[in-house]
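What follows is one structure encoded as structure tokens, with my remarks underneath.
FYI, side chains are in, hydrogens and waters are out, and symmetry mates aren't considered; it's all heavy atoms of this structure.
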Amino acid sequence: MTKSEFIYRVAGKTGMTRRDAEYLTDAVLECIVQAIQDGEKVQFPGFGTFKTRRRAAFTGRHPVTGEPLPVPAAVVPVFEPSRQLKEKVNPCG
């Protein structure tokens, strides 16, 4: 699903105009990004948690030459789905 398809669905479910649904979507995403930039968790019960995680430095390999390449440590955004979301996506297991 693309962003514009998502906006179309939000507009359909809420009765908002597409423009208002786009503003809402952009505002929600900006709030999530700002919060995780500030080191906060964003939790949606029954859906999941957006947060950051530190990734340690490691030595990778160039895919063509096989040459070792240092990969620096980084802070990366992660999403952890809730148990309820996992059950809805995979109801058999």
For the student: nearest non-hydrogen atoms of P81 and L85, plus distance
CB-CD2, 3.8 Å
Are I7 and M16 packed together at the side-chain level, in the sense that at least one heavy-atom pair is separated by less than 4.5 angstrom?
no
What's the spacing between T25 OG1 and R9 CZ if we round to 0.5 Å?
12.5 Å
Restricting to pairs with a member in residues 36-71, which pass ring-ring contact (aromatic ring centres under 6.0 Å, His included), not counting sequence neighbours?
F47-F79, F50-F79
Shared hydrophobic cluster for V76 and L69 (ILVMFWY, side-chain gaps under 4.5 Å):
no
Pair V75-Q37, side chain to side chain contact (heavy atoms under 4.5 Å, CB included): steps then yes or no:
CA-CA 10 Å; V75 176; Q37 280 179 333; over 6 Å; no
Do E87 and R83 sit within salt-bridge range, that is, some charged N less than 4.0 Å from a carboxylate O?
yes
Using the salt bridge (charged side-chain N to carboxylate O under 4.0 Å, His left out) rule, collect all pairs that involve residues 29-55, keeping only residues at least two apart or in two chains.
K51-E80, R53-E80
Kindly compute the distance separating OG1 (T49) from CD1 (I36), expressed to the nearest 0.5 Å.
11.5 Å
Those residues at least two apart in sequence (or on a different chain) that pass ring pair (Phe, Tyr, Trp, His ring centres under 6.0 Å) with Y8 are none
Please list, chain by chain and in numerical order, all residues satisfying side chain to side chain contact (heavy atoms under 4.5 Å, CB included) with P68, sequence neighbours excluded.
T59, R61
Side-chain hydrophobic cluster, 4.5 Å single linkage: members besides Y23
none
Please name all residues satisfying side-chain hydrogen bond (donor to acceptor under 3.5 Å, both in side chains) with S4, sequence neighbours left out, ordered by chain then number.
T2
Non-hydrogen side-chain atoms of N90 and K86 separated by less than 4.5 Å:
no
Among residues two or more places apart or on two chains, list those pairs meeting salt bridge (charged side-chain N to carboxylate O under 4.0 Å, His left out) that have a residue in residues 11-21.
none
Applying side-chain hydrogen bond (donor to acceptor under 3.5 Å, both in side chains), can you list everything that pairs with K88, at least two apart in sequence or on another chain?
none
Does L24 belong to the same Ile/Leu/Val/Met/Phe/Trp/Tyr cluster as M1, with side-chain heavy atoms less than 4.5 Å apart forming each link?
yes
